Amino acid sequence: MVLADIAAPYSSVESFIYDRVIAPAVLAMGERIAGELADQISDDARVLDVGCGGGHLALEIAARRPGSKITGLDLAHEQVARAASRASERGLAVRFVQGSALDLPFESGSFDVVTSVASIKHWPDQAAGLRECVRVLAPGGRLVVFEADRGCRLSDAQAFVERWALPRPLRLPALAAFRTWVAGQSIDLDDARELVGGLSLLRTEVRRVPGTPALVLAGSKPA
Ligand SMILES: C[S@@+](CC[C@H](N)C(=O)[O-])C[C@H]1O[C@@H](n2cnc3c(N)ncnc32)[C@H](O)[C@@H]1O
């Protein structure tokens, strides 16, 4: 179970709950995230979303940047199937692949942008997963990772949980669960700085995303 062991694979039930209850809130909060990402993605970019879940963000990017070539990868077969069926419902040509962040099934240098949202806290070895992300980046390519912030403000966590598709009486326990088991088992700014510092990247960025309980970790692979 993911709440008890953050590095355990999602079960079918956890995938389903995440997809229906939380992912829409990530995407809503992700208006900011998708906007920040879209700004960094040229029209013909090759983009990889690692830990893409049900494909919400990958499809949003595909809709905003129709010329780009987007690939989503996730460890959970159910999420990959869900993402692929969403893509076909929306008529978007996005490729979804099952695999692990720790052993990406792609040639080195094959993407212009590698992103990941709310996934690295689950990776059994975050540094190794991030090195894999950098390996598959082309020279000059950009890594942009978002993750829940263990040190997030209560008001930012509240604003996020308010958007979960839950009846109002369940929001308080959901907030406690989010702060304790999700953000509480995630990284903080110091961890993020250490992770980014261990990668050979230029133009690095590690900061909170204002108004959200998230951090962004970014950098460019030397050309
Ligand atoms: C909290 S969900 C985020 C999903 C999506 N990025 C979003 O924002 O809606 C975390 C996702 O990371 C995936 N994941 C966990 N460990 C992984 C790994 N080692 N490699 C690839 N994906 C992984 C899970 O299966 C899950 O779909």
Side-chain angles (χ1 to χ4, degrees), residues 1-37 47-62 70-84 86-87 94-106 111 113-133 135-136 143-150 152 157 160-161 163-165 174 177-178 181-187 195 209 212-217:
M1 186 192 171
V2 161
L3 290 186
D5 175 3
I6 198 80
Y10 275 46
S11 67
S12 304
V13 173
E14 285 164 342
S15 294
F16 179 82
I17 292 174
Y18 183 84
D19 194 70
R20 298 302 158 93
V21 176
I22 305 174
V26 173
L27 192 66
M29 174 185 90
E31 256 313 296
R32 256 200 105 93
I33 291 176
E36 288 204 16
L37 262 178
V47 181
L48 172 65
D49 181 11
V50 183
C52 65
H56 296 85
L57 181 75
L59 297 175
E60 189 59 32
I61 295 169
I70 320 274
T71 302
L73 171 137
D74 201 279
L75 190 63
H77 292 275
E78 293 90 348
Q79 292 295 62
V80 172
R82 214 170 258 133
R86 267 196 188 112
V94 176
R95 170 172 69 140
F96 289 101
V97 176
Q98 191 277 333
S100 169
L102 274 67
D103 184 18
L104 293 171
F106 307 112
F111 295 96
V113 175
V114 175
T115 190
S116 180
V117 179
S119 186
I120 69 164
K121 65 181 168 303
H122 299 294
W123 302 355
D125 184 340
Q126 296 165 354
L130 289 174
R131 282 197 299 275
E132 265 297 89
C133 293
R135 178 186 68 76
V136 302
L143 175 72
V144 191
V145 173
F146 296 88
E147 189 47 280
D149 174 10
R150 193 168 73 241
C152 66
F160 174 54
V161 172
R163 291 179 158 138
W164 291 15
F178 173 75
W181 285 294
V182 181
Q185 299 195 82
S186 189
I187 57 173
L195 283 168
V209 183
T212 78
L215 297 170
V216 62
L217 298 66

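In listed order, ligands and their atoms are each counted from 1. What you see is a predicted model, and the numbers here were worked out from it, not measured in a lab.
Listed by atom number, the atoms of ligand 1 under 4.0 Å from A76 heavy atoms are 25 (O). Atom numbering of ligand 1 starts at 1 in the shown order; those under 4.0 Å from a heavy atom of H122 are 1 (C), 10 (C), 15 (C), 16 (N). With ligand atoms numbered from 1 in the order given, ligand 1 contributes 19 (N), 20 (N) to contacts under 4.0 Å with heavy atoms of S100. In the vicinity of G53, heavy-atom distances shorter than 4.0 Å reach the ligand 1 atoms 4 (C), 5 (C), 27 (O). Atom numbering of ligand 1 starts at 1 in the shown order; those under 4.0 Å from a heavy atom of W123 are 16 (N), 17 (C), 18 (C), 19 (N).
Side-chain contact check for L102 versus E132: every heavy-atom pair is 4.5 Å or farther apart. F178 places a side-chain heavy atom less than 4.5 Å from the side chain of P213. Between L59 and V94 there is a side-chain heavy-atom pair separated by less than 4.5 Å. Here the side chains of L57 and C52 are not in contact, with every heavy-atom distance at 4.5 Å or above.
When the options L75, L104, D74 are ranked by their closest heavy atom to atom 24 (C) of ligand 1, first place goes to D74.
Between the side chain of E60 and the backbone N or O of H56 there is no donor-acceptor pair closer than 3.5 Å. Between the E147 side chain and the L215 main chain, no donor and acceptor come within less than 3.5 Å of each other.
Considering only residues two or more places apart in sequence or on other chains, R150 meets the salt bridge (Lys or Arg N to Asp or Glu O under 4.0 Å) condition with D188, D191.
At least one N/O-N/O distance between G51 and ligand 1 falls below 3.5 Å. Remark: ligand 1 and A101 share an N or O pair separated by less than 3.5 Å (distance only, no angle test). The shortest N/O to N/O separation between Y10 and ligand 1 does not fall below 3.5 Å. Any N or O atom pair closer than 3.5 Å counts here, and L73 shares no such pair with ligand 1.
If you take CD on Q126 and CD1 on I120, they are separated by 5.0 Å, rounding to the nearest 0.5 Å.
Put simply, part of G99 is less than 4.0 Å from ligand 1, judged by heavy atoms.
The proximity of C52 to ligand 1, defined as any non-hydrogen pair under 4.0 Å, is limited to the backbone.
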